[in-house]
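Worksheet: the structure to be examined is printed underneath.
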Number of protein chains: 2
Amino acid sequence: MAQTAGNIVHSFSPLYLEVKRLITESLIGGEWKAAAALPSETRLSQRFKVSIGTVRKAIDELVAEHILVRQQGRGTFVATHDRRRLLFNFFHIVGTDGVKNYPAVETLSFRRSALTAAEAAKLHVSAKDNTRALRIRNVLSLEDRPVVLDDIVIGEHMFPGLSADIFRKRDNTIYQLYQTGYGINVVRTAERLSATLADAESAKILGTKTGAPLLQINRIAYTYHSVPVELRKSLVNTQEHEYFSDLDRPAR
Amino acid sequence: MAQTAGNIVHSFSPLYLEVKRLITESLIGGEWKAAAALPSETRLSQRFKVSIGTVRKAIDELVAEHILVRQQGRGTFVATHDRRRLLFNFFHIVGTDGVKNYPAVETLSFRRSALTAAEAAKLHVSAKDNTRALRIRNVLSLEDRPVVLDDIVIGEHMFPGLSADIFRKRDNTIYQLYQTGYGINVVRTAERLSATLADAESAKILGTKTGAPLLQINRIAYTYHSVPVELRKSLVNTQEHEYFSDLDRPAR
DNA sequence: AAGTGGTCTAGACCACCAT
DNA sequence: TGGTGGTCTAGACCACTTA
């Protein structure tokens, strides 16, 4: 990394991406935990032996990806999965009137069982690892009415010791628990949506009728390097709520 | 704009945002048409009497918003609404297997009628303007099978002279027609999704049964300064296709 | 007052494209 | 070869937060 202008080794990639990679690796390694301040840009530029502008460009990208948060005058921090971030980045349900609210989560069940072959493939778990699945079913309510039925599947190996008790007693978001309890930072999700009909069970839970139309969301949540962490199937009663997709940058 | 470091007037906003604003106004004014090259960054920096870095920062944002496209060694261009961009930025339907294809569009009807009060409000049209609506119904097919039923509503005043003939005979995307034919550049959309049931008419068009679950997408398309341009209601048969929402940056 | 991020400048050089 | 965008540096100064 001891490169100056006119002396770029350039095996392949620009310096700032290399710096970004190093910062990312430190994040993965746990050098800076959730909500912690990174060293100042000046210090980072000394550490990596690059100019401050190069550090800024690396951090720019991590901020754009919502992995880091800058606060002028205070510092640069590891983004946390608090309620605010959930609402802005990971929870895409709003009232038909456009109002966004934080959902109340009730855990209906917490079970362990085998991963199916399809699940193992999506979670990049080798079938011969015999990894088991944690299966968590939650109901999300808005204004005291059930709106979303979530079925979460995570690999047991990534969350050693996670129990129903720990899960229920967390005092923040689920991804916050992943982040602070297991060092797993969800940085991106991919979702596929379709329309389906409520079966008897989901209809009952969501307070609607069998055969009512439901929005189905299949989500894969990823941590750094696009490593899959969680599968989640959501069934949404869209009678009074909708899924919004404003493709980033809400206010321009 | 004759500001140098240490002599910033700073009524309120940073220089690069002012430059961005000026570039945007030139885009709105039609100084650079679709696919046209902007002046080089050097020339722009001379024109605005700022450093090249400041111009770059302004353009950075416009590129992030997909309004401009940079090509190293060639120049910076006004992004066009070609099929490629449609597929990556505005068409969110993929096969259940994840395959993305460009849809074939068939126009079922092209009508003129009054705007409803709700539509006028969403299009920021004053009720007393008596603006009429163009209502266009399209079926989008993938692999020769109908998948999406689109109902488009646009204000007649923004598209003077647009006829069914012109609409049908365009040889590119619909937003391309807006852009090159009427100088209206769609730069952003907001979508709200819900699940619904097919009525007899939509079921027939989409080749499914009455009462089948359909994904409904209500879109508002905006041009610069968040001015609404188009309302679009899409009904999607999600038997073999899905809506994807990968929140920007697909590959990280 | 000291420290942090944010803006702006100026200049050198690299990577890529068209001719 | 000349022009374009892309990277990197160095330094000055502004805006904001904390103490």
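Only a predicted model underlies this, so the values are computations on that prediction, with no experimental measurement involved.
In this structure, B:Gln72 atom CD and C:dC13 atom C1' are separated by 13 Å, rounded to whole Å. Rounded to an integer number of Å, the gap from CZ of B:Phe77 to P of C:dA18 is 9 Å. Between B:Glu41 atom CD and C:dC13 atom P there is a gap of 19 Å when expressed in whole angstrom units. Per the geometry, CG belonging to A:Asp60 stands 12 Å off C1' belonging to C:dT7, to the nearest Å. Whole-Å rounding puts the A:Ile52 CD1 to D:dT7 C1' distance at 17 Å. In this structure, A:Leu38 places its CG atom 12 Å from P of C:dT4, rounding to the nearest Å. The nearest whole Å value for the distance from the NZ atom in A:Lys49 to the C1' atom in D:dA10 is 18 Å. In this structure, B:Leu15 places its CG atom 11 Å from P of C:dA10, rounding to the nearest Å.
Between D:dG5 and B:Arg74, no contact under 4.0 Å exists linking OP1 or OP2 to a side-chain N or O. A:Ser51 has no side-chain polar atom (N or O) that falls below the 4.0 Å cut-off from OP1 or OP2 of D:dC8. For B:Arg43 and D:dT4, the shortest distance from a side-chain N or O to OP1 or OP2 is below 4.0 Å. Using a 4.0 Å cut-off, some side-chain N or O of A:Thr54 falls inside it from OP1 or OP2 of D:dT9.
Residue B:Ser40 has its side chain nearest to D:dT4 when only D:dT4, D:dT9, C:dG5 are considered. Closest to the side chain of A:Arg56, from the set C:dG6, D:dC8, C:dA15, is C:dG6.
Side-chain contact, B:Asn185 with B:Thr223: no donor N or O sits under 3.5 Å from an acceptor N or O. With hydrogens and angles left out, the side-chain atoms of B:Arg85 and B:Thr80 include no donor and acceptor closer than 3.5 Å.
Ring geometry for A:Tyr178 against A:Phe159 counts as tilted: the plane angle lies between 30° and 60°, on a 0 to 90° scale. Using a 30° and 60° split on the angle between ring planes, A:His81 and A:Phe90 fall in the tilted class, from 30° to 60°.
Each of B:Lys57 and A:Gly75 has a nearest nucleotide on DNA chain C; the 5'-most of these lies closest to A:Gly75. Between A:Arg70 and A:Gly73, the one whose closest nucleotide on DNA chain C sits nearer the 5' end is A:Gly73.
At distances below 3.5 Å, at least one donor-acceptor pair connects side-chain atoms of B:Gln179 with backbone N or O atoms of B:Ala79.
Here A:Thr42 lies out of heavy-atom contact (under 4.0 Å) with every strand.
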